[in-house]
Amino acid sequence: MGRMPVVAMVAVLGALVLGTLLSACAQSPDPGDGGVEYGETLDLGVPGPLMETVEGVAGYPACGNEPIEHDGTTWYPFEPANLDAFPEVVAMAAVGGGMGGGTMRIVLPAVAAPGPGDDVGTLTVYEGGLAHWISDSGELETWLTDRRLTYDWVC
């Protein structure tokens with residue numbers, strides 16, 4: 001077997017390095033890697049077309065770090081950096097005074113016991129891994145992502 005010419009070795013090495021760099025650039029950052037800071041907003045894209053609306057979904061996102069689980073999916077609360085690009089959510093609770101399309105209504109330093117209708121609500125799921133949940137009381141609502149997030153605060 002002959003020896004590989006130096007030029008060919010440099011070309012192969014260069015291709016390997018370039019491929020590694022390009023693959024690293026193609027990966028989108030995961031906000032869950034370093035933890036989400038209290039009050040931090042995230043740009044996780046915008047909701048796609050509406051997929052389903054489900055009433056009676058248990059949840060109590062009073063502090064903004066409590067995931068909501070439904071039908072095998074864990075949904076993580078977040079504050080969208082691009083909220084103006086999100087759809088207006090119309091849910092039965094929104095008619096009764098909820099924010100409808102906003103983000104967290106109540107963020108407390110300590111979790112108070114839920115009032116009537118605070119710990120069950122309507123989950124609106126959109127294509128692209130985003131959802132919105134609003135309590136039946138209309139007092140709590142949040143945008144959610146199915147991307148795993150970790151939070152740098154405890155409530």
Does any non-hydrogen side-chain atom of Thr122 lie less than 4.5 Å from one of Val57?
no

Compute whether any side-chain donor of one residue and acceptor of the other, for Thr73 and Asp146, lie under 3.5 angstrom apart.
no

With a 4.5 Å limit on heavy-atom distance, are the side chains of Val36 and Phe78 in contact?
no

Starting from the C-alpha separation in whole Å, work towards a yes-or-no answer on side chain to side chain contact (heavy atoms under 4.5 Å, CB included) for Glu79 and Leu42.
CA-CA 6 Å; Glu79 294 185 45; Leu42 301 174; over 6 Å; no

Should Leu144 and Tyr60 be regarded as members of a common hydrophobic cluster, given that ILVMFWY residues are connected when their side-chain heavy atoms come within less than 4.5 Å of each other, either directly or indirectly?
yes

Does the ring center of Tyr126 lie less than 6.0 Å from the ring center of Trp143?
yes

In terms of heavy-atom contacts, His132 and Glu141 come closest through NE2-OE1, 2.6 Å

Is it true that a side-chain atom of Thr124 and a backbone atom of Thr53 form a donor plus acceptor pair closer than 3.5 Å?
no

Shortest non-hydrogen contact from Val120 to Trp133?
C-CZ2, 3.7 Å

Does the side chain of Cys63 reach to within under 4.5 Å of the side chain of Tyr151, using non-hydrogen atoms?
no

Hey, are the side chains of Leu123 and Trp75 touching, using non-hydrogen atoms and a 4.5 Å cut-off?
yes

Give the minimum heavy-atom separation between Glu66 and Ala62, together with the two atoms involved.
OE1-N, 3.5 Å

Test item: Val46 and Asn82 side chains (from C-beta on) under 4.5 Å apart, heavy atoms
yes

Kindly assign one of parallel, tilted or perpendicular to the pair Tyr38 and Trp153, based on the angle between their ring planes and the thresholds 30° and 60°.
perpendicular

Over all heavy atoms of both residues, which pair between Pro47 and Pro87 is shortest? Give the atoms and the distance, please.
CG-CD, 3.6 Å

What distance do Leu149 atom CG and Glu40 atom CD have between them, rounded to the nearest 0.5 Å?
9.5 Å

Within this structure, what is the CZ-OG1 distance for the pair Arg147 and Thr74, rounded to the nearest 0.5 Å?
15.0 Å

Do you know which two heavy atoms are closest between Gly64 and Pro77, and how far apart they sit?
O-CB, 3.6 Å

Working to the nearest 0.5 angstrom, can you tell me the gap between Asp118 CG and Ser135 OG?
5.0 Å

Side chain proximity check, Tyr76 to Asn65, heavy atoms < 4.5 angstrom:
no

Minimal non-hydrogen separation, Ile68 against Gly59, with atom names:
CG1-CA, 4.1 Å

